[in-house]
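Input: a single structure, listed below in structure tokens.
So that the names make sense, note that chain A is the first sequence line, chain B the second, and so on, each numbered from 1.
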There are 2 protein chains.
Amino acid sequence: MAQKPSIPKGTRDFNPEQVAKRNYIFNVIKANFERFGFQPIETPSFENSDTLMGKYGDEGDRLIFKILNSGDYLSKVNDALYATKNSTKITSKISEKALRYDLTVPFARYVVQHQNEIEFPFKRYQIQPVWRADRPQKGRFREFYQCDADVVGSKSLFQEVEFIQLYDAVFSDLKLEGVTIKINNRKILSGIAEVIGASDRLIDFTVALDKLDKIGEEKVKEEMLSKGIPQSGIDQMQPLFTLSGTFETQIESLKTILNSSEEGLKGIEELEFINHAISELKLNTAKLQLDVTLARGLNYYTGAIFEVSAPETVQMGSIGGGGRYDDLTGIFGLKDVSGVGISFGLDRIYLVLEELNLFPETINQSVDVLFINFGDTEALFCLKAIKALRQQGVNAEVYPDAAKMKKQMNHANKRSIPFVVLVGEEEMNSNLYTLKDMISGEQTKLSLQDLISRLK
Amino acid sequence: MAQKPSIPKGTRDFNPEQVAKRNYIFNVIKANFERFGFQPIETPSFENSDTLMGKYGDEGDRLIFKILNSGDYLSKVNDALYATKNSTKITSKISEKALRYDLTVPFARYVVQHQNEIEFPFKRYQIQPVWRADRPQKGRFREFYQCDADVVGSKSLFQEVEFIQLYDAVFSDLKLEGVTIKINNRKILSGIAEVIGASDRLIDFTVALDKLDKIGEEKVKEEMLSKGIPQSGIDQMQPLFTLSGTFETQIESLKTILNSSEEGLKGIEELEFINHAISELKLNTAKLQLDVTLARGLNYYTGAIFEVSAPETVQMGSIGGGGRYDDLTGIFGLKDVSGVGISFGLDRIYLVLEELNLFPETINQSVDVLFINFGDTEALFCLKAIKALRQQGVNAEVYPDAAKMKKQMNHANKRSIPFVVLVGEEEMNSNLYTLKDMISGEQTKLSLQDLISRLK
């Protein structure tokens, strides 16, 4: 192979610095998931095609990566079908497995398959890659990680309260201050649709309302009209377009608008419960904001809807989202299992932390100390000290060859190694180690014991 | 969907306990990789097909999972080819990507692709899943993790010394005492083949020798004869079949056998270097053993060959292996980059730890403390304490609903939660928390401060 190798578009290699930064985020999320009582599960990278197909709409079906059957897979296609050369129809005959498209459907499959072993309510988290045959673009990849936490088997609104606290805890730990946790409720949206006489156009109505931020009030109204929502209804919801003030004052306005809708008032009650608990428990650095335009994948959600925005100083879409869905496992035949969950957008959080320079300074520090190699005898002497250091948890190594001093020092610099140790004949005779601080340039001769305590 | 969902054969769901146990092993391996100065990289789950195909032999090519192209993929197949209905030939037209088969080839691709950004010698580790369309059987899966550490760009034998130390460190940390690290050298095998006049039958010779453990001396000799190795040669290598004693005494016998082979003597020299260093540095719990029958994927290795066996009390194949290969990146056009690396067999290590009962007892402890829910007011009171506990790193949660006391206590038991906290009206009035030890049954009333110090 003459030309330089490459990787498929939309995929990425991660170098040590990138892996360290990604793991830093993963570890903060994981630690908080566990602090909140979530337990990890993992599911296979590929599922049977019929587990995934038909769960994400037609567009989703097209974006699912299919795996070709092994062996003489074409022999399973009968000649009549083969003669059509119809890719769509032939796919299901030559491919039985497909790569995971998200973590939610596999989780639903997991819950149904293992329902007899699971102790409910079940709080699970899952951090694994997913794959989508989407057109790659800035910030959109064909392989990316999802970080999900969900509770199944509990209708308690305290779950929603906990998820808001969890978002706050994670972003506070990441030192990303000033994120906004937006909340809405499907029942509020249904209530508004009911009040304005558009119950049969709930999706059209919310899709239009969801665009308020992007296209503005006038365009939203135009879209609603074009979708058959009557002018009278649009007039009636006018206060929604200018809803502002605190959570409480917005709730008061909503009560007026929704006072004839039982469902809408139920949504308000839920929001008030959550807001009351959060104001008692307080948030560390995030703020909670009511956003009645928030819809996300509405067909999914039946109660709370969440979305998290990065601090206003950064241009970035949402960095997290979620909500309650009352029939997660129904698609696999297990009815009446309520679920509620949230997700963290790893790649976007990474970009935000990078832009705001919030990664810890030491993250790129691959190893704590490099021993310079002056020859086999010296290197073996060094390895004894290195063994003792490692047993104390210090990351240490000796340069593999007795290369020129300058080359070895350059290596330490390029890898941002903060200390080197020099051991020549003199040091070996006196059983001492010359420790050099690569930043200050300072050199000290130390016994092994002192070297360990210094580097530990 | 009426029937219970399932997953593709050869794949696995992992429940929280299994994930915790797997992560325990991963974390010990990772911590040691880093302590030895290795840095993590990650590569995409799928590669361009031409990166993988032809690298693992015909059998390997068949076992690689291929991903179907998106869209109307059949339109790219010309009619003449399509008419053949030849699966093998059509595959390359309808599939451009394939799932990673191991971590070595993607690593070689990575090194060549990023050669200008990499600071050599480059010590990388990689812990990621790989996929093989193999027939599933006990302990063999279609999706499994590999844990590899390799150094590229250094011919120093200290790398081999380090890898032996690394194996010892990992298995000692896992409390798996008594593993045997077997070592051999390709040059020894070439030397023997040369001496017995079978240089042109090196692979046949080593494949047969490799079976000594399994089929015994007589059958090995038969196989060698049947492959055209002369009886005189077999007689000449007779001492090999009964080689025993210490590393040093075996080396002395080998010197006699190999004294006419320059390459063989070079192999001995290398083994002596490594053995000398290891006897100076000592091993904590593992033992190093010379095994001249060890060959593994010989076409690969050019120097040292490693294999790790579980303690003799356990029936299990190798739990790790590796070696030196002098031309890792040659397949992608970058010559003269020597590599040496080892791998840990996660699934087998898991089985061994399970069988010997070596997982830490607390591994199944999902959460440190569960607060019993007596109603919304009490739950909110509890959540304030829970927030304080979590900030001190304690994993804590409140039962989501005010279910019957018995149900909540059962939930704590089933999830192996060691403590529960009970907060009723009395506790709320006096600002105290009743902590119950779920094992001893003992109950104590504590202030928040004392609760935190007790659970921390």
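Contacts between A/Ser70 and chain B at a heavy-atom distance below 4.5 Å involve the side chain alone, from C-beta outward. Contacts between A/Val394 and chain B at a heavy-atom distance below 4.5 Å involve the backbone alone (N, CA, C, O). Proximity to chain B is limited to the backbone of A/Asn86, based on heavy atoms less than 4.5 angstrom apart. A/Lys30 touches chain B through its side chain: at least one heavy atom from C-beta onward sits under 4.5 Å away, while N, CA, C and O do not. Looking at A/Lys97, only its side chain comes within 4.5 Å of chain B, counting heavy atoms on both sides. Using a 4.5 Å cut-off between heavy atoms, A/Glu143 contacts chain B through its side chain alone, with no backbone atom that close. With a threshold of 4.5 angstrom between heavy atoms, A/Ser172 does not approach chain B through any atom at all. The parts of B/Glu280 that come within reach of chain A are both its backbone and its side chain, each placing non-hydrogen atoms under 4.5 angstrom from that chain. Contacts of A/Arg390 with chain B are made by both backbone and side-chain atoms, with heavy-atom separations under 4.5 Å. Interface remark: A/Ile94 contributes side-chain atoms only to the contact with chain B (heavy atom separation under 4.5 Å). In this structure, no portion of A/Tyr125 lies under 4.5 Å from any heavy atom of chain B. Interface residue A/Lys414: only side-chain heavy atoms are found under 4.5 Å from chain B. Heavy-atom distances place the side chain of A/Gln159, and not its backbone, under 4.5 Å from chain B. Neither the backbone nor the side chain of A/Thr88 comes within contact range of chain B; no heavy atom of the residue lies under 4.5 Å from a heavy atom of that chain. Heavy atoms closer than 4.5 Å to chain B are found nowhere in A/Glu117, neither backbone nor side chain.
Ion pairing of B/Lys85 with A/Asp79 is present here, as a side-chain N (NZ or NE/NH1/NH2) and a carboxylate O approach within less than 4.0 Å. Using a cutoff of 4.0 Å between basic side-chain nitrogens and carboxylate oxygens, B/Arg109 and A/Asp13 are scored as salt-bridged.
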How far apart are the C-alpha atoms of A/Thr11 and B/Thr43, what are their side-chain angles, what is the distance that settles it, and do they pass the side-chain contact (heavy atoms from CB on, under 4.5 Å) test?
-> CA-CA 8 Å; A/Thr11 68; B/Thr43 62; over 6 Å; no
When you look at A/Leu383 and B/Glu162, which way does the side-chain contact (heavy atoms from CB on, under 4.5 Å) test go after all the steps?
-> CA-CA 9 Å; A/Leu383 277 173; B/Glu162 284 276 80; 3.3 Å; yes
Intermediate values then yes/no, side-chain contact (heavy atoms from CB on, under 4.5 Å), A/Phe38 and B/Asn395 | CA-CA 9 Å; A/Phe38 291 88; B/Asn395 298 345; over 6 Å; no
Determine, stepwise, if the pair B/Val367 / A/Lys123 fulfils side-chain contact (heavy atoms from CB on, under 4.5 Å).
-> CA-CA 11 Å; B/Val367 69; A/Lys123 297 169 73 173; over 6 Å; no
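Using the six-membered ring where Trp is involved, B/Trp131 and A/Trp131 have ring planes that are perpendicular, over 60° apart on the 30 and 60° scheme.
Contact count versus chain A (heavy atoms, under 4.5 Å) is highest, among B/Tyr82, B/Phe65, B/Phe14, for B/Tyr82. Contact tally against chain A (heavy-atom pairs below 4.5 Å) for B/Asn32, B/Asp401, B/Ile417, B/Asp376: the top residue is B/Asp376. Highest contact tally toward chain A, considering only B/Ala379, B/Ala133, B/Pro121, is held by B/Pro121 [criterion: heavy-atom pairs under 4.5 Å]. For the set A/Glu17, A/Arg35, A/Glu397, the entry with the most heavy-atom pairs within less than 4.5 Å of chain B is A/Arg35. Here B/Asp72 is the residue among B/Asp72, B/Val369, B/Ile386 with the most heavy-atom pairs under 4.5 Å with chain A. Heavy-atom pairs under 4.5 Å with chain A peak, among B/Ser95, B/Gly393, B/Ala20, B/Pro129, at B/Gly393. Comparing A/Glu34, A/Gln113, A/Arg62 by how many heavy-atom pairs each has under 4.5 Å with chain B, the most go to A/Gln113.
The shortest side-chain heavy-atom distance between A/Glu47 and B/Ile7 falls under the 4.5 Å cut-off. Between B/Glu42 and A/Asn15, every side-chain heavy-atom pair lies at or beyond the 4.5 Å cut-off. Side-chain contact between A/Gln39 and B/Val19 is absent, with no heavy-atom pair separated by less than 4.5 Å. In this structure, B/Phe46 and A/Leu99 have side chains that are in contact, with non-hydrogen atoms separated by less than 4.5 Å.
We find the CD-CD1 distance between B/Gln18 and A/Ile41 to be 11.0 Å, quoted to the nearest 0.5 Å. Atom CZ of B/Phe122 and atom CZ of A/Arg415 lie 9.0 Å apart (nearest 0.5 Å). Between A/His114 atom NE2 and B/Lys4 atom NZ the span is 8.5 Å, to the nearest 0.5 Å. For the atom pair A/Ser87 OG and B/Leu68 CG, the distance stands at 8.0 Å (nearest 0.5 Å). Remark: B/Glu119 CD to A/His411 NE2 distance equals 5.5 Å, nearest 0.5 Å. Rounding to the nearest 0.5 Å gives a distance of 5.5 Å between CZ of A/Phe158 and CG of B/Leu380.
Within 6.0 Å of the NZ atom in A/Lys387, the count of heavy atoms belonging to other residues, nucleotides or ligands exceeds 12. Atom NZ of A/Lys384 has more than 12 neighbouring heavy atoms from other residues, nucleotides or ligands inside a 6.0 Å radius. Atom NZ of A/Lys89 is surrounded by 12 or fewer heavy atoms from other residues, nucleotides or ligands within 6.0 Å.
Side-chain contact annotation: A/Tyr399 with B/Ser154, donor-acceptor N/O pair under 3.5 Å absent.
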